[in-house]
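Worth saying up front: this structure is predicted, and the values here are computed from it rather than measured. Below, all heavy atoms of this structure are taken into account, side chains as well, without hydrogens, waters or symmetry copies.
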2 protein chains.
Amino acid sequence: MAGQRTIIRDLNRTRDKIFAAALTEFSAKGFAGARVDAIARRARVNKRMLYYCFGTKQDLYREVLRRKISQRADLIDSTPDKFADALLHLYKLGGTDRDFTRLMEWEAIDNGRGKLIAETERRELFEKAVARLRRAQRDGFLPKQIDLTQLFISMLALVIFPMVMPQIVRLISDMEPGDPRFVRRRAAFLRWIGDRISGDPAATSSTADKVNRRHTEFAAGVSHSKTRIHPAKKLAGLR
Amino acid sequence: MAGQRTIIRDLNRTRDKIFAAALTEFSAKGFAGARVDAIARRARVNKRMLYYCFGTKQDLYREVLRRKISQRADLIDSTPDKFADALLHLYKLGGTDRDFTRLMEWEAIDNGRGKLIAETERRELFEKAVARLRRAQRDGFLPKQIDLTQLFISMLALVIFPMVMPQIVRLISDMEPGDPRFVRRRAAFLRWIGDRISGDPAATSSTADKVNRRHTEFAAGVSHSKTRIHPAKKLAGLR
DNA sequence: GCTACTATTAACTATTAAGTTAATTAAAAC
DNA sequence: GTTTTAATTAACTTAATAGTTAATAGTAGC
């Protein structure tokens, strides 16, 4: 066997290697920019195997996207109920997943107007997320009468923007979005803004409702930072 | 002259037509995706003229980006001091400028790690913007001790995310980010969150400072919607 | 009106990319 | 051990792309 390499055939292994390489290449270059030659090289398989396993470059791309979206569906299901915790959770899991973020961004910028990959599933996930916000609002943990679709869009914006626009983050903060220092500061800020958004109720609420919600919020907020004490003092002043 | 088209030579006009077509094509397709053939066709000039006027596709791209960034530098300079107004202003001018947003996004996703186009200018602009936030914070219009670079990043996130990720906006809200209905709802939300973020002072402030800031905020807020009236009533209650 | 310059048109070139065809060979089936 | 199947390697094909070369013709200068 001197100098002769034995070829071991394992279609599943080949398929997995191509898939992993494709995730990396599509994330880096998008569909149009990724080269099947490069994917094959990265996977250390013959280019022909890509067509053998997945059919076309487009089919491979769909599969990569479908699986990544499906994998990341855990984000919504595992989101805590408390708003600031939810924001942090989304950031920690989704906001720092560079491949996922970039795939979403390539999808965004590729200008398709047709049906999205896993569109139905994603709609359902997002509806679930907005429904949870609605419950939190109804239970008094979020201000009344704010637009919850806009709130949810804004949550996603706050969470994934650093990875989506790294050059802007670099220009403003002199840090890479993946830098642990940046992540720490971002997390602290998201904690703050999460608490801030979910804090005081809307000013137009009736006093009785406000008192009740105050009490609920105070109880819920008892483990919070001392920024929560001030609203309680205001409540005492009103009574 | 029957049936014979007269060619009128005007190099400036040709250059301008190519530039305008290039802005559209680069915004739509990015650098790699845009085709010089398509740019020339859109501009209704012969492809050769693109090289005659701008040298290479890359040089044309730089020029388009440079000029667009320079044009949009007005955004920071014309931003109002009041936080919520600033947010709305950024949204109304920058957040709905699709070409600009997409050029920034293409830049983001194209993975360059070298020097950005107009990098120095942009850094200065962003430093100016953060300095304004610092002044607002010092003057009591923004909460103490929040991270202003994170705040500014978050402003940009809230403002341009809908155009950056239109498919997500579509999935969540069933509207296009350019739809006037969406724009209206977004603007209202940004008004709310802007007020929210810049609202109550940190709980650790002294009461005297609080009263003074309340008074200042009330004066600044006198032209606002009726959500501002209730804090005035609270102020009367305190006195 | 003639000449020189240059804006414009038309055609060509070398390279690259996705996909295809042909050949080889590992391994399963008999 | 032999045959068949299918996983793998190697080479080929067609179309598209940025850029280049050659030719034409509008217009400024004299």
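Rounded to whole angstrom, the span from the CG atom of A/N12 across to the C1' atom of C/dA27 amounts to 15 Å. Put simply, CG on A/D10 is 13 Å from C1' on D/dA6, counting in whole angstrom units. Taking atom NZ on A/K29 and atom P on C/dA18, their separation rounds to 11 Å, with Å as the unit. Distance B/I8 CD1 to D/dA28 C1': 16 Å, rounded to the nearest Å. In this structure, B/L11 places its CG atom 10 Å from C1' of C/dT8, rounding to the nearest Å. Across the protein-nucleic acid pair, B/K17 atom NZ and C/dT8 atom C1' stand 11 Å apart, rounded to whole Å. Residue B/R44 contributes atom CZ, which lies 17 Å from atom C1' of C/dT8 at whole-angstrom precision. The distance between atom CZ of A/R41 and atom C1' of C/dT16, rounded to the nearest whole Å, is 12 Å.
In terms of position along DNA chain D, the nucleotide closest to A/R9 lies nearer the 5' end than the nucleotide closest to the other residue of the pair A/R9 and B/L50. Nucleotides of DNA chain D nearest to B/T56 and A/C53 differ in position, and the one nearer the 5' end is that of A/C53.
Checked by atom type, the side-chain pair A/R185/A/S173 shows no donor-acceptor distance below 3.5 Å. Between B/R72 and B/T101, the side chains place no donor N or O within less than 3.5 Å of an acceptor N or O (distance only, hydrogens not considered). With hydrogens and angles left out, the side-chain atoms of B/T56 and B/R62 include no donor and acceptor closer than 3.5 Å.
B/D37 has no carboxylate O lying under 4.0 Å from a charged side-chain N of B/R35, or vice versa, which leaves the two without a salt bridge.
A donor-acceptor pair is defined here as one N or O able to donate and one able to accept, closer than 3.5 Å; such a pair exists between the side chain of A/R102 and the backbone of B/I109.
Separation of the B/F161 and A/F161 ring centroids does not fall under the 6.0 Å cut-off.
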Whether each nucleotide of nucleotides 11-18 of chain D has a protein heavy atom under 4.0 Å at its base (B), only at its sugar-phosphate (S) or at neither (-) is summarised, 5' to 3', as ------SB

